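Naming: A, B, ... by sequence-line order, numbering from 1 per chain. Nothing here was measured: the structure is a model prediction, and the numbers come from that model.
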There are 2 protein chains.
Amino acid sequence: MEQNTRQRLIDATYEEVYSHGYQGAALANILSNAGVHKGSMYHFFPNKKEMALCAIKEKIAERFGTRYLAIARGDGDYLKHFFEGLRDLNQRDFRRGCPVANIVQEMSNIDEDFNTAMKEIYAKFRQSVKIIFDKAVSVRELQPCDTTKLALFTTSALEGAILAAKASGDSQDYLDCVECLIGYIESFRKK
Amino acid sequence: MEQNTRQRLIDATYEEVYSHGYQGAALANILSNAGVHKGSMYHFFPNKKEMALCAIKEKIAERFGTRYLAIARGDGDYLKHFFEGLRDLNQRDFRRGCPVANIVQEMSNIDEDFNTAMKEIYAKFRQSVKIIFDKAVSVRELQPCDTTKLALFTTSALEGAILAAKASGDSQDYLDCVECLIGYIESFRKK
DNA sequence: ATGCCACTTGACTGATCGGTCAATTATTTA
DNA sequence: TAAATAATTGACCGATCAGTCAAGTGGCAT
């Protein structure tokens with residue numbers, strides 16, 4: 001009937017893929033959760049894969065926009081806001097883990113289109129963290145340093161921390177990892 | 001005919017699951033790669049899931065035994081040997097990523113039995129790294145410190161590093177992360 | 001009002017999935 | 001050697017999967 005239908009499909013697809021992985025995502029579940037019939041879905045998307053790729057790209061871009069880019073657009077205390085975000089458990093779902101890491105792990109070596117999409121998303125993630133560090137350097141919260149590598153290590157350690165909590169089922173593991181990581185970043189603070 | 005059949009199934013299952021995930025693992029592929037017929041497989045295992053769990057437990061236990069426990073059983077230079085292992089690209093398959101992380105990401109929140117199995121394996125991984133650090137402390141390569149947390153951070157940062165390389169397709173990302181991690185661990189060295 | 005087009009409906013298809021089973025062959029035990 | 005058990009074979013099953021399609025609906029432009 002409207003654009004509404006497409007958005008409901010995107011939302012339901014994202015949830016289903018986040019919960020069960022791409023390969024475990026059942027079209028029937030997506031359709032019933034979205035309240036959309038099959039033929040209608042194939043009016044908007046050529047197949048399951050394209051719909052999933054759209055859902056991932058759109059929903060995750062949205063997520064990054066509100067989370068990391070918002071910090072960089074702020075006015076100072078970049079590290080403080082970044083660390084606050086890391087420590088905020090409400091931003092995390094440790095049962096399901098990180099949506100980006102899940103898809104990378106599951107699909108990067110299986111499908112070329114997923115590989116390409118996730119490469120872009122992961123690069124964007126690293127880039128947005130690097131921008132935060134660059135801002136921090138520019139206002140002398142950090143010493144001048146290789147912010148590209150620092151962002152690489154930060155993002156990957158963060159992904160690892162989320163994985164650790166998902167594996168153990170204990171969010172304290174995430175917090176412990178994050179404190180180590182913050183300690184590492186703090187060592188680059190301007191003295 | 002013999003125990004041989006079971007082992008071929010275990011090996012083929014591990015490879016198939018490592019390559020395509022559990023949900024993407026096709027019984028038909030496993031059987032043809034193992035050169036075993038379907039009925040024969042169901043003589044050794046009750047179903048696909050149990051066979052996969054067996055394969056994961058047996059193959060990964062084997063992996064840890066030869067890799068990390070061997071270092072702890074050595075006689076000194078624990079950190080050096082550990083770091084050498086981390087830097088050795090021959091030990092890694094960045095296309096497929098870490099077998100443990102893959103399954104944790106895919107299955108921990110989907111199936112209780114997988115969750116339990118992966119919890120144990122991940123805990124064993126952390127424990128075996130902790131033992132290396134404890135040894136390092138005992139011979140004064142490291143200052144006395146919270147080796148449990150250090151092992152937690154080390155393992156999770158390592159998983160993150162492998163993921164980063166899998167996402168970008170660039171093993172240099174792994175090496176860069178590992179150098180940061182080693183730098184962090186080195187800061188606990190006895191001075 | 002008429003024709004057009006975006007959108008919806010849901011039954012249907014063929015392929016593939018994991019799993020079953022009865023019959024057969026090999027191996028061990030007595 | 002005979003009986004029992006272990007292992008193998010491959011046809012078969014029902015369920016589920018993504019994807020197709022012809023028919024229908026409703027709004028909008030002419």
same_hphob_cluster(B:L152, B:I121) at 4.5 Å side-chain heavy-atom cutoff:
no
Return the minimal non-hydrogen interatomic distance between A:C98 and A:I162, and the atom names on each side.
N-CG2, 3.7 Å
Separation of C:dG18 P from B:Y22 OH (nearest whole Å):
8 Å
Taking D:dA6, D:dA18, C:dT20 as options, the one with an atom nearest any side-chain atom of B:Y42 is C:dT20
Smallest heavy-atom separation, B:A164 atom then A:S156 atom, equals CB-CB, 3.9 Å
Would a single hydrophobic cluster contain both A:I71 and A:I131, if residues Ile, Leu, Val, Met, Phe, Trp and Tyr are joined by side-chain heavy-atom contacts under 4.5 Å?
no
Between C:dT16 (C1') and B:H20 (NE2): distance, integer Å:
15 Å
Whole angstrom value for the distance that separates P of D:dG19 from CG of A:L31:
11 Å
Can you name the atoms? Protein N/O to nucleotides 23-25 of chain D N/O, anything below 3.5 Å, with the distance.
none

Here the distance between atom P of C:dG18 and atom CG of B:N47, to the nearest Å, is 11 Å
Would you say A:D111's side chain and A:F114's backbone share a donor-acceptor pair under 3.5 angstrom?
yes
In whole angstroms, the gap separating P of D:dT9 from CZ of B:F44 amounts to 11 Å
From the options C:dC17, D:dA18, C:dA6, select the nucleotide whose nearest atom is closest to the side chain of B:A26.
C:dC17
Collect all protein-nucleotide pairs involving nucleotides 9-15 of chain C in which both atoms are nitrogen or oxygen and the distance is under 3.5 Å.
unit_1	atom_1	unit_2	atom_2	d
C:dG10	OP2	A:H37	ND1	3.2
C:dG10	OP2	A:H37	NE2	3.0
C:dG10	O6	A:G39	N	3.0

What is the distance, rounded to the nearest whole Å, between atom NZ of B:K49 and atom C1' of C:dG18?
14 Å
Would you say the side-chain atoms of B:E141 pair up with the backbone N or O of B:L79, donor to acceptor, closer than 3.5 Å?
yes
Nearest-Å distance, CZ (B:F45) to P (C:dT20)?
15 Å
Would you find more than 12 non-hydrogen atoms of other residues, nucleotides or ligands less than 6.0 Å from A:K59 atom NZ?
yes
For B:K48 and C:dT20, what is the distance between atoms NZ and C1' respectively, to the nearest whole Å?
17 Å
How about B:F188 and B:F133: are their ring centres within less than 6.0 Å of each other?
no
May I ask you to decide if the ring planes of A:Y14 and A:Y18 are parallel, tilted or perpendicular, using 30° and 60° as cut-offs?
tilted
